[in-house]
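What follows is a single structure, written as structure tokens, with notes after it.
Each ligand, and each atom within it, is numbered from 1 in the order the structure gives.
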Amino acid sequence: MEPFVHKDQSLLSIESWEERFPDLTAGMTTKLDGVSHEPYASLNMGFHVNDNANDVCANRERVAAKLKLPLQQWVGAEQIHNTSIKKVSKSDRGKGANNYSDSFQGTDGFYTNEEGILLTLCYADCVPLFFHAPEKKMIGAAHAGWKGTVAQIAKEMIQLWELEGIQAKDIHVAIGPSICEKCYIVDNHVVNLIENILEDVDRKPYNLISAGQYSLDLRLLNKQLLIKAGVPEKQIIVSNLCTSCEQELFFSYRRDQGKTGRMLSYIGWKEKSFVEEGSR
Ligand SMILES: [Zn+2]
């Protein structure tokens with residue numbers, strides 16, 4: 001069963017997590033129901049792709065309203081396909097939310113255990129990773145294209161959380177909509193890098209399709225690296241949705257030949273309302 005379920009046409013949420021934790025908001029946007037024009041039509045969430053910034057802000061305001069988490073509570077990043085992950089707190093809120101210039105520089109992952117912060121990252125084919133350790137209320141997000149994946153950003157998050165007193169066996173991970181094996185062709189260089197970090201797997205995440213050309217299942221590779229880092233397989237859920245195959249639903253960097261919009265992954269705890277606090 002697909003773990004990312006339509007909340008409406010522009011939001012896919014991680015249903016099993018949200019059902020179990022009603023204060024948790026986690027999922028990914030589609031490309032539908034926004035105001036941007038081609039080639040960013042229509043719900044482009046990325047500031048860095050040369051779309052009109054006012055349109056991107058309008059799209060973000062729409063999503064913020066639907067999620068009931070205002071832009072002032074978002075954090076965003078200048079993503080560089082690296083493994084730098086930042087722990088954020090309430091004082092960071094709003095950075096990278098309504099413009100690109102004050103986003104976290106050179107950052108491809110976030111985590112926090114504070115309420116009222118929405119961790120956001122942008123995608124068009126790369127793999128969105130969502131992390132959750134229920135007992136410590138820790139949540140995280142990471143952007144894993146092939147570079148971040150082979151540089152092991154997934155393992156980096158697990159190691160940072162271990163420093164916070166969280167064991168890998170207590171971490172749950174969701175792997176979001178991203179490019180599928182059929183649509184993702186890589187060369188020897190990438191496969192050699194994968195070989196360096198992945199031994200002892202029953203099933204290789206890639207297949208040779210012609211001389212020096214491989215199809216790569218980047219979602220499976222991330223899952224295998226998470227298992228290797230100690231996350232129990234039963235706690236990893238994987239989307240089957242492909243950003244390139246599902247042309248009506250998603251932007252795809254490869255399919256759209258580089259000129260396209262970005263979807264947004266999001267995860268955050270809703271702030272307990274003042275009403276609740278005041279009524280004690
Ligand atoms: Zn595909």
Side-chain angles (χ1 to χ4, degrees), residues 1-7 9-15 26-34 36 38-46 49 79 81 108 121-130 141-150 153-154 173-191 193-194 198 201-227 233 236-266:
M1 214 174 63
E2 172 56 40
F4 285 73
V5 179
H6 275 282
K7 228 172 183 172
Q9 60 174 329
S10 56
L11 297 179
L12 294 163
S13 60
I14 308 174
E15 194 168 61
M28 189 157 171
T29 61
T30 69
K31 70 173 188 179
L32 302 173
D33 198 26
S36 294
E38 290 297 341
Y40 313 107
S42 60
L43 191 66
N44 169 40
M45 302 297 278
V49 293
Q79 302 162 215
H81 298 276
D108 287 86
L121 293 166
C122 287
Y123 300 86
D125 292 340
C126 291
V127 177
L129 300 173
F130 302 77
H143 160 247
W146 74 259
K147 285 182 188 162
T149 300
V150 299
I153 192 165
V173 182
I175 298 175
S178 39
I179 197 160
C180 82
E181 188 175 4
K182 274 178 281 173
C183 297
Y184 199 46
I185 310 305
V186 299
D187 59 16
N188 279 317
H189 172 63
V190 177
V191 165
L193 291 169
I194 295 168
L198 201 70
V201 286
D202 296 338
R203 190 180 142 209
K204 294 282 182 194
Y206 54 81
N207 279 303
L208 183 68
I209 52 166
S210 63
Q213 300 278 291
Y214 301 81
S215 72
L216 172 60
D217 187 341
L218 205 52
R219 297 183 284 212
L220 175 62
L221 174 56
N222 274 285
K223 183 178 178 177
Q224 290 172 330
L225 292 169
L226 284 158
I227 292 169
E233 185 172 6
I236 304 172
I237 54 179
V238 186
S239 175
N240 299 302
L241 295 170
C242 169
T243 46
S244 173
C245 290
E246 303 279 344
Q247 196 156 357
E248 301 301 314
L249 203 53
F250 298 118
F251 300 114
S252 167
Y253 187 85
R254 286 221 168 180
R255 184 197 64 220
D256 303 336
Q257 295 169 335
K259 216 166 163 49
T260 193
R262 293 291 182 276
M263 286 83 70
L264 188 88
S265 73
Y266 55 86

Lys204 side, atom NZ; Asp217 side, atom CG - distance, nearest 0.5 Å =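 Separation between the atoms: 14.0 Å.
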Taking atom CG of Leu241 and atom CD1 of Ile179, what is their separation to the nearest 0.5 Å?
->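 Going from CG on Leu241 over to CD1 on Ile179, the span is 13.5 Å.
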Which atoms of the protein, restricted to N, O or S, are nearer than 2.8 Å to the Zn ion (ligand 1)?
->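 Those protein N, O or S atoms (cut-off: under 2.8 Å from the Zn ion (ligand 1)) are Cys180 SG, Cys183 SG, Cys242 SG, Cys245 SG.
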With Gln224, the side-chain contact (heavy atoms from CB on, under 4.5 Å) member among Asn222, Leu226, Leu220 |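 Among Asn222, Leu226, Leu220, the one meeting side-chain contact (heavy atoms from CB on, under 4.5 Å) with Gln224 is Leu220.
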Heavy-atom neighbours of Glu38 CD exceed 12 at 6.0 Å =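 Above 12, so yes.
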Heavy atoms of other groups near Lys147 NZ, more than 12 under 6.0 Å =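 12 or below, so no.
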Listed by chain and number, what are the ring pair (Phe, Tyr, Trp, His ring centres under 6.0 Å) partners of Tyr214, not counting sequence neighbours?
->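 Once residues adjacent in sequence are excluded, the partners of Tyr214 under the ring pair (Phe, Tyr, Trp, His ring centres under 6.0 Å) criterion are Tyr206.
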